[in-house]
Each structure stands twice: as structure tokens, then as C-alpha cells.
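The structure appears right after this line, and notes come after that.
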Amino acid sequence: MQFLLFLLYISDDTGNRLRFQLELEFVQCLANPNYLNFLAQRGYFKDKAFVNYLKYLLYWKEPEYAKYLKYPQCLHMLELLQYEHFRKELVNAQCAKFIDEQQILHWQHYSRKRMRLQQALAEQQQQNNTSVK
């Protein structure tokens, strides 16, 4: 809550840059299910001002802002946090653990799939190079 109050006092260019950096960091923290569990257990998701702040942060889904995100899955979590039922479930550590495990499985699958695509592309380029000669 103090974080939100701090952001209200930022107004100049330096402040805007700082606000951008703070909001960027906070939005990316939302990709961490354990952090979401921490927030839920401390009652942040019951605070109407905090929930409104999460709604305000949806502007990060716009391409002009999303391009700065290192962890794009945070946008999916931000979207899910708009639903009261999801926020309530996050109090349960098992829920956070399940989300964490699903993220890991997704990353593993994505990494393997990407590696196969890169190998296929490299083989195709090699074949094209040998057929041109």
C-alpha cells in the first residue's frame, strides 16, 4: 500500500521514469506464483485500492509497453488477477505450487519445441546451400 502512495507523489520527468521502472518491476513480479501467494496471504487482494491498481496496470498489455517485459507470462497473471475467484484461490499454497509447476512444464515444452524448430531450419538451410552449389 505504501508503494501505491509513493507513486501518487511522482510527477516530473525523473519521477515518470522512476514510476515506469517501478511499475515494470512490479508487473513482472506478478509472473511469480509464490509472490502472488505471498500477496494473497497478507490480504492485498482484499484491498479495493490494490485491486483497482491491478486493473490500472492492464495498460502493460499494450504493445508499446509490453515490449519492455522480460517475463511476458506476467500479463496472463495480471489478466487472471482481475477475477476475484482467482485472487481468493491464491491464498492456498497448493494453488501457487500448481501454477509454478505448469509454468515450468510450459517452459520445458517451449524450449524443446524451439530447439527442434531451430534444428529443422538449420538442416533446411544446409540442404539449400548444398543444392545451390
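Computed from a predicted model, the values in this text were never measured in an experiment. Residues take their numbers from the sequence shown, with the count starting at 1.
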Rounded to the nearest 0.5 Å, how far apart are [atom1] of [X] and [atom2] of [Y]?
X: L39; Y: C29; atom1: CG; atom2: SG; result: 9.0 Å
X: E62; Y: L75; atom1: CD; atom2: CG; result: 10.5 Å
X: Q94; Y: E89; atom1: CD; atom2: CD; result: 12.0 Å

If you draw a 6.0 Å radius around CD in E25, do more than 12 non-hydrogen atoms from other residues or ligands fall strictly inside? no
Can you confirm whether E79 is buried at CD, in the sense that more than 12 heavy atoms of other residues, nucleotides or ligands lie under 6.0 Å from that atom? yes
Should [X] and [Y] be counted in the same cluster of Ile, Leu, Val, Met, Phe, Trp and Tyr side chains packed under 4.5 Å apart?
X: L90; Y: Y53; answer: yes
X: V27; Y: V51; answer: no
X: V91; Y: L80; answer: no
X: L69; Y: L54; answer: yes
X: M77; Y: Y35; answer: yes

Which pair of heavy atoms, one from P33 and one from I99, lies closest together, and at what distance? CG-CG2, 3.6 Å
Do R87 side-chain atoms and A40 backbone N/O form a donor-acceptor pair below 3.5 Å? no
When you measure from the side chain of Q28 to the backbone N and O of Y71, does any donor-acceptor pair fall under 3.5 Å? yes
Stepwise side-chain contact (heavy atoms from CB on, under 4.5 Å) test for N92 and K97: CA-CA 9 Å; N92 182 354; K97 184 176 189 251; over 6 Å; no
Does any donor atom in the side chain of Y56 or E23 lie under 3.5 Å from an acceptor atom in the other side chain? yes
Fit a plane to each ring of F50 and F26, take the angle between them on a 0 to 90° scale, and name the class: parallel (under 30°), tilted (30 to 60°) or perpendicular (over 60°). perpendicular
Fit a plane to each ring of F20 and Y65, take the angle between them on a 0 to 90° scale, and name the class: parallel (under 30°), tilted (30 to 60°) or perpendicular (over 60°). tilted
A side-chain contact here means heavy atoms from C-beta on lying under 4.5 Å apart; do [X] and [Y] qualify?
X: F45; Y: L36; answer: yes
X: R19; Y: L22; answer: no
X: L24; Y: Q21; answer: no

Taking only residues two or more places apart in sequence, or in another chain, which ones meet A93 in a side chain to side chain contact (heavy atoms under 4.5 Å, CB included)? N37
